[in-house]
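Here's the structure, in C-alpha cells; my notes come after.
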Amino acid sequence: MIDIKLLRSNPEMVKENLRRRFEDTGIVDEILEYDMLWRRTLKDIESLRHLRNQKSLEIGKLVKKEKDVGPLKEEMRNINTKIKTLEVDMENYKNMRDTLLMRLPNMLMEDTPICEGEENSPVLRTWGVAKVLGEMVESFKKHAPGMKYNVITQRATSHVDILEKYDLADISRAAKVAGARFYYLKNQLVLLELSLLRFALDKMVKKGYVPVSPPLMLRHTAMEGVTDFSAFEEMIYKIEGEDLYMIATAEHPLVAMYMNEILDERDLPIKYVGVSPCFRKEAGAHGKDTKGIFRVHNFYKVEQVIFSKPEDSPKFMEELIDNAEDIMRALKLPYRVINICSGELGAVAAKKYDIEVWMPAQQKFREVVSCSNCLEYQARRLKIRYRKGNELQYVHTLNSTALATTRTMVGIIENYQEEDGIRIPEALVPYTGFDFISFS
RNA sequence: GCCGGGGUAGCCAAGUGGACUACGGCGCCAGCCUUGAGAGCUGGUCCCCAUACGGGGGCGGGAGUUCGAAUCUCCCCCCCGGCGCCA
C-alpha cells in the first residue's frame with residue numbers, strides 16, 4: 001500500500017509512477033476526492049463529539065448535585081443522531097478511499113526498466129552453456145547476448161513425452177481425478193523432487209537463513225496484506241465456508257507472520273527460508289503450457305524471505321538473487337537473469353528479477369525463479385514496523401524463489417538428457433542416492 | 001467440540017459506569033549532570049485530523065445498552081488449564 005500522505009503531498013509523483021507502469025492515472029484523483037470527503041466529514045464528526053464530551057461532563061457534575069438533566073439528555077440524543085448519520089457517510093468515504101488505495105500498485109524503484117512486454121525486459125547476465133538448434137542460433141543470441149552455446153542438430157525431447165513414456169509421472173490419470181494441470185509423480189522423480197527440496201534448504205540454511213515450514217492456509221486479512229487484489233481472482237484458492245485461503249507460495253505465510261507486530265531494530269534483518277506446497281488457480285493462463293508439469297495447480301517450493309531496514313533492501317535483493325543463482329549454478333542449469341519491465345511487474349513489487357533457464361526442448365528461456373523487492377508495500381498493509389529510536393517505521397520485505405520443484409525438474413529433464421536416460425546433476429547425487437534415471 | 005480462567009501501550013501491570021488526561025514500573029529516545037560510562041533528574045515514547053493552537057479516537061475484533069463504557073450485554077478471534085475426539 002502507498003502512503004496516503006504521499007498522495008496528498010505529491011499526487012503527480014504517484015501518477016507518474018502509474019504512467020511508468022502503463023496504467024491509468026485516474027485512480028489517484030478518485031482516491032484524493034474520497035480522502036477529502038472523508039476528512040471533511042471526520043472534522044464535522046469530531047467537533048460534534050467534542051461537544052458531546054463537554055456536555056457529558058456537565059451532566060456528570062449536575063447528577064452529583066442531584067439537579068435535573070432532562071433537557072440536556074434530550075440535546076445529547078440529538079447530537080448523537082447527527083453523529084450517527086455522519087458516521088455512515090464517513091465510513092463509506094473511507095472504505096471507498098481505502099479499497100482504491102489497496103489497488104494502487106507499489107512505487108517503482110529507480111532502476112526498474114520502464115518498458116512493456118516481457119520480451120523487452122533487459123538481460124542482466126547469463127550463465128552456463130545452452131544447447132541451441134542451428135536454426136535458433138540467431139534468435140538465441142538476441143535473447144542472451146554473450147551467452148555460450150553449443151549447436152545441436154536435434155531438439156531435446158520434451159519433458160512431457162519423457163514423463164509419460166518412462167513412467168515418471170501419470171498426468172492423464174491425474175486429469176481423470178483432479179483435472180488439467182495436476183500430476184502424479186512416480187518412481188525416481190519422486191525422490192528427485194524431495195532431493196531438490198532438501199538440497200536447496202541445506203544451501204540456504206548454510207547461509208544463515210532460518211528454515212520454516214509454514215501454515216498452508218491464511219485468513220483473508222493476512223492474505224490481503226501480502227498479495228494484490230487480482231491475485232484473489234487469478235491465483236488464490238478459497239476454502240468454501242471458511243475464512244481461509246490456500247497459499248500460492250510460502251512467501252505469503254512467511255511475510256504475514258509478523259502482521260500487526262513491532263520489531264526491534266536489532267532484530268533486523270530477519271532471513272527465512274520456507275518450504276511448502278504452493279497452490280495456484282492459474283486462471284489467467286488458458287492455453288499456456290497445457291501439458292506436462294511446467295504450469296500446474298500445485299508444486300513444492302523453497303522460498304527466501306527477508307525483513308529488512310529500508311536502507312538495506314536493495315543490498316538484500318542482490319543477495320537473494322545471488323542465492324538463487326547459486327542454486328542454479330550448483331545444478332549447472334544454463335540461465336539468464338532479467339530485470340522485469342515496469343509494465344510486467346505485479347502491483348506488490350517495486351523491482352523484480354527473474355531467472356530463466358534455457359529449455360532445450362522448447363528452445364526458449366523459461367522462468368524458474370522470481371525475486372522481488374516490495375519495499376514497505378506489504379509491511380504497510382500488514383502493519384509490520386520496527387522501532388527506530390523513538391519512532392516507528394515500516395520494514396521492507398523481499399522474497400525470492402530458492403527453488404521450485406516442478407520447473408527445476410523440467411529444466412533438468414531437458415538439459416540433462418542423454419541417449420538412454422537422464423543424468424542427475426552431480427550436486428544432487430548425495431541426496432538422490434542415484435546418478436541416472438535410465439530409460440530402459 | 002464441551003467446561004473453566006484470561007487478552008489493557010514494545011514488555012510487565014493497575015483500573016469493574018462519570019476527576020481516566022488509562023496509575024505505576026521496565027525498555028527505548030532527547031536534554032541536564034559527568035573526563036567518559038553508570039546512577040540521578042526533566043521531558044518524550046499507540047493511531048487519526050490540523051501548518052499550528054488544539055481536537056478526536058484507542059484497552060483482542062465487531063455490534064449493542066447508556067447522556068456517558070476498559071468497566072454492562074451479545075457475536076467472533078486468540079491464549080492458558082481440564083475433559084472429549086483424532087493422524
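Lettering follows sequence order; numbering is per chain, from 1.
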Run the side chain to side chain donor-acceptor pair (under 3.5 Å) test against [X] and tell me which residues pass, sequence neighbours left out.
X	answer
A:R387	none
A:T221	none
A:S313	A:N373, A:H396

How long is the line joining [atom1] of [X] and [atom2] of [N], in whole Å?
X	N	atom1	atom2	answer
A:D264	B:rU45	CG	P	19 Å
A:E91	B:rA63	CD	C1'	13 Å
A:R387	B:rC26	CZ	P	16 Å

Quick one: side chains of residues 36-44 of chain A, donor-acceptor pairs under 3.5 Å with protein atoms, not counting sequence neighbours, listed by atom name and distance.
from	atom 1	to	atom 2	distance (Å)
A:R39	NE	A:D35	OD2	3.4
A:T41	OG1	A:L37	O	2.7

Check your understanding: When the nearest nucleotide of RNA chain B is assigned to A:L57 and to A:L51 on a heavy-atom basis, which residue is associated with the more 5' position?
Key -> A:L57
**Study point:** Flag side-chain contact, heavy atom, 4.5 Å: A:L320 against A:Y353
**Key:**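 When only atoms from C-beta onward are counted, A:Y353 and A:L320 do not touch, as no gap falls below 4.5 Å.
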**Study point:** Reading 5' to 3' through nucleotides 65-80 of chain B, protein heavy-atom contacts under 4.0 Å coded B for base, S for sugar-phosphate only, - for none
**Key:** --BS--------SS--
Would you tabulate the side-chain donor-acceptor contacts of residues 266-276 of chain A under 3.5 Å, counting partners in other chains and residues two or more places apart, or write 'none'?
from	atom 1	to	atom 2	distance (Å)
A:D267	OD2	A:D264	N	2.9
A:K271	NZ	A:E319	OE1	3.3
A:K271	NZ	A:E319	OE2	2.8
A:Y272	OH	A:Y258	OH	2.7

Point to revise | Pairing string, 5' to 3', for RNA chain B - Watson-Crick or wobble contacts under 3.5 Å, brackets [ ] where pairs cross, | to another strand | key: ((((((((.[[[..)..(.....]]]((((((.......))))))((((....))))..[[[[[..)....]]]]])))))))....
Charged N to carboxylate O below 4.0 Å: is that the case for [X] and [Y]?
X	Y	result
A:D202	A:R198	yes
A:E12	A:R19	yes
A:R49	A:E87	yes

Protein and nucleotides 47-54 of chain B: nitrogen or oxygen contacts under 3.5 angstrom:
from	atom 1	to	atom 2	distance (Å)
B:rC49	OP1	A:R8	NH1	2.6
B:rC49	OP1	A:R8	NH2	2.7
B:rA50	OP1	A:R39	NH1	2.2
B:rA50	OP2	A:R39	NH1	3.4

Could you give the distance separating [M] and [N] at their [atom1] atoms, to the nearest angstrom?
N	M	atom1	value
B:rA13	B:rU65	C1'	30 Å
B:rC3	B:rC74	P	14 Å
B:rC79	B:rA22	C1'	23 Å
B:rU8	B:rC59	C1'	4 Å

Show me, pair by pair, the donor-acceptor contacts under 3.5 angstrom made by side chains of residues 433-440 of chain A, not counting sequence neighbours?
from	atom 1	to	atom 2	distance (Å)
A:S438	OG	A:S440	N	3.2
A:S438	OG	A:S440	OG	3.0

Check your understanding: Who are the salt bridge (Lys or Arg N to Asp or Glu O under 4.0 Å) partners of A:D322, not counting sequence neighbours?
Key ->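 Scan of A:D322 (salt bridge (Lys or Arg N to Asp or Glu O under 4.0 Å), adjacent residues dropped) gives A:R329.
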Practice item. List for me each residue that meets salt bridge (Lys or Arg N to Asp or Glu O under 4.0 Å) alongside A:E282, sequence neighbours excluded, and say none if there are none. Key: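 For A:E282 the salt bridge (Lys or Arg N to Asp or Glu O under 4.0 Å) partners, ignoring immediate neighbours, are A:R295.
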Check your understanding: Are A:H220 and A:Y245 close enough that their ring centers fall under 6.0 Å?
Key -> yes
Check nucleotides 42-44 of chain B against the protein and report each pair of N or O atoms closer than 3.5 Å, with its distance, or say if there are none.
from	atom 1	to	atom 2	distance (Å)
B:rG44	N2	A:N390	OD1	2.7
B:rG44	N2	A:N390	ND2	3.4

